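Order of listing sets the numbers, starting from 1, for every ligand and every atom in it. Being a predicted model, the structure only gives us computed values, none of them experimental.
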Amino acid sequence: MSRQLRSSWGSRLGFILAASGSAIGLGNIVFFSARAYEYGGGAFYLPYLVALAIVGLPVLIVELGLGRARGGAFPHALGSIAGRAGEFQGWWAILNALTITMYYITLLGWVTGMGWRALTGSLFEPSVAVDGFGLDAGALPNPTASFFDLISDWGVLAAVLVVWTINIVLVSRGTQGIEGAVRWLMPLLWVCMGGLAIIGFTLPAGTDGMWLLLTPQFDAITSPVVWNGAFAQIFFTLSLGFGVMTAYASYLPKRSDDVANAAAVAGLNCLFELVAGLAVFSLLASFALPPKASTLAMMFFIVPAGIAELPVGVPLIGCLFFTLLLVAGLTSSVSLLEAAISALIDKFAWSRRRAVMTVCAFGITGSTLFALPVVIDSQLSQTGTLGLTLLDFIDHYANGYGLILVGIGECIIVGWFMPAATLRKVVNEHSRLKLGPWFDVLIRWVIPALLMVSVGSAIREELVRGTIYGTSDVWSGIYAWLPVVCLLVWFAGTMGFAGLLTLWRPRAAALQSSGGEA
Ligand code: TRP
């Protein structure tokens, strides 16, 4: 009975479009640019490429190989190797990724709101007053004021719900719905991005910005912070540690070539990231070189401020930018929903409808929390609303540590329990380019060691700083206790829930998991 429940891709192209759609997201357009800018452009690109070759591609091959060969989602695939410990690791990965999806969709809600303001032109008019923050008209550049106005208004929850509704529609028909959507969304995305890059290229100082990204600087290579940033970026951008690639590969025919698939997905993703980076850097160099650029500032303040300075077509190009973000984000968020849904179907033999409703009920609740428009710091010394501050805080742990921890766990499970040589044999059976024994060394030793050093040095830095991230100045008064409680609730909650899902023995299991061969 298990087999009929699992769908499959209509074609290999459909899979490549969907998997690259998952990989190409906000991470490619703004997270990459913000990180690269922070570390000095060319200083980041070299560690990034090294991280791609040594960690990104091998882990992508592992996640794809697992899904295809074991024919199930992340908890099932890891459970079939290492029993309950493996299954637990798979569920925790899904829950960690679901947390990320919750605020990712909140971000997309804000993108939708800003896009609407770009379309109606109000984004580029003289700056508005923002009551919630006590800001007079003209106090801030307009895209910035407009953003604070948006996130401090309850109406923003409607935008978040719109994005959730689109997600539900796309995911409710499974691979068919996703494949149907990516067939036209992905080409659209490439055309829009190419258009923006061409506009950037023709700007007065545009090519200077591009060279800033492409000129290597070797002095930053000794900085562990830059390497941390490169590993984190590669994991997020390739959708690794989410369980997404395993779920998507589980819908492939057994004969599929994992190495070729990994190369295609990583190649498309990193090419897109390069084009997006060039476009953003050209805008920055032409109009708005800021001293520092966080992801949010990049997405909502800096790039829109640059677009506002263009000689022609400002509303249109503003709209293009936010549409680009929304489409790129949707094809990513839908992939995690599918990963969670397929994991539930595998384990509990639920109908798709029931699995969709369960995942989305949790997701919508979380996204609403992250969108809460209650202003907590009217002095604007930090970020703004309760939702945004929570978002920043949870992102720090779920994205900054969670994905890398999952990466370490999966490499240990596959490397030592499967072990790596077995996976390599399974992959090589159908791949044209054969993996050598070096692959085992990477998975068993090199990648876990690199990631552990990366996480270790990040933790050390936090300890040196002496405060738990985010507890310092924003959270005062009645909110003083919130961050620690949130962190504990999130950590204990995801761990406990993952444990529960692992130990739960459904009466009618769809796919045999723990210990069994798939
Ligand atoms: N790779 C995506 C990006 O670069 C991130 C991503 C993939 C993601 N799947 C996701 C984020 C699911 C949230 C939910 O943006």
Side-chain angles (χ1 to χ4, degrees), residues 17-36 48 51-52 56 59-60 63 73-74 93-111 160 163-164 166-167 170-171 178 182 185-186 189 193 229-249 262 265-277 280 295-296 298-299 324-343 359-360 362-364 366-367 370 391 394-395 398-400 402-404 406-407:
L17 288 175
S20 67
S22 167
I24 297 173
L26 297 180
N28 299 59
I29 305 172
V30 280
F31 294 29
F32 172 79
S33 310
R35 277 206 172 103
Y48 169 89
L52 169 66
V59 176
L60 185 55
E63 292 200 3
F74 217 34
I94 300 265
L95 291 173
N96 181 61
L98 186 60
T99 314
I100 297 178
T101 313
M102 291 171 181
Y103 64 73
Y104 198 82
I105 291 184
T106 301
L107 288 173
L108 293 180
W110 293 342
V111 163
V160 173
V163 179
W164 262 106
I166 306 177
N167 269 291
L170 289 182
V171 91
I178 296 173
V182 292
L185 289 180
M186 293 315 289
L189 208 57
M193 195 70 248
F231 289 130
Q233 178 63 23
I234 281 296
F235 257 78
F236 191 75
T237 191
L238 290 178
S239 305
L240 299 175
F242 285 83
V244 163
M245 292 301 171
T246 300
Y248 272 11
V265 171
L268 285 171
N269 177 71
C270 293
L271 182 65
F272 193 95
E273 199 147 274
L274 177 62
V275 176
V280 171
T295 312
L296 279 175
M298 191 66 104
M299 174 156 53
L324 192 69
L325 290 177
L326 179 63
V327 170
L330 278 173
T331 52
S332 298
S333 57
V334 112
S335 70
L336 189 275
L337 297 183
E338 184 56 37
I341 290 162
S342 65
V359 171
C360 294
F362 277 101
I364 292 176
S367 293
F370 289 123
L391 186 159
I394 294 290
D395 172 63
N399 178 3
L403 294 182
I404 303 276
V406 172

Task: From CA spacing to verdict: side chain to side chain contact (heavy atoms under 4.5 Å, CB included), F272, I29 - done: CA-CA 8 Å; F272 193 95; I29 305 172; 3.9 Å; yes
Open item on the list: Determine whether L296 and L107 satisfy the following criterion, side chain to side chain contact (heavy atoms under 4.5 Å, CB included), listing intermediate values before the conclusion.
Closed with: CA-CA 9 Å; L296 279 175; L107 288 173; 3.7 Å; yes
- [ ] Dump the intermediate steps for side chain to side chain contact (heavy atoms under 4.5 Å, CB included) on Y48 and E273, then the final yes or no.
- [x] CA-CA 11 Å; Y48 169 89; E273 199 147 274; 2.4 Å; yes
Task: Audit row: L240, L403, side chain to side chain contact (heavy atoms under 4.5 Å, CB included) steps and yes/no - done: CA-CA 7 Å; L240 299 175; L403 294 182; over 6 Å; no
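Put simply, the side chain of N28 never gets that close to the backbone of T237: no donor and acceptor are under 3.5 Å apart. Between the side chain of S333 and the main chain of L330, a donor-acceptor pair closer than 3.5 Å is present.
Listed by atom number, the atoms of ligand 1 under 4.0 Å from L336 heavy atoms are 12 (C), 14 (C). Those atoms of ligand 1 that come under 4.0 Å of a heavy atom in N28, given as number and element, are 4 (O). Against a heavy-atom cut-off of under 4.0 Å, A23 is close to the following atoms of ligand 1: 1 (N), 2 (C), 3 (C), 4 (O). When each atom of ligand 1 is checked for a heavy atom of S335 under 4.0 Å away, the hits are 9 (N).
Geometrically, ligand 1 and I100 share no nitrogen or oxygen pair separated by less than 3.5 Å.
Taking the six-membered ring for Trp and thresholds of 30 and 60 degrees, F242 and F236 have ring planes inclined between 30 and 60 degrees apart.
Counting only non-hydrogen atoms, the option in S22, G21, G27 that gets closest to atom 2 (C) of ligand 1 is S22.
Here the protein heavy atom with the shortest distance to atom 14 (C) of ligand 1 is T101 OG1, 3.2 Å. The nearest heavy-atom contact from the protein to atom 7 (C) of ligand 1 is S239 OG, 3.0 Å. The nearest protein atom to atom 13 (C) of ligand 1, hydrogens excluded, is given as Y104 CG, 3.4 Å; this is a heavy-atom distance.
Here F236 has heavy atoms under 4.0 Å from ligand 1 in both its backbone and its side chain.
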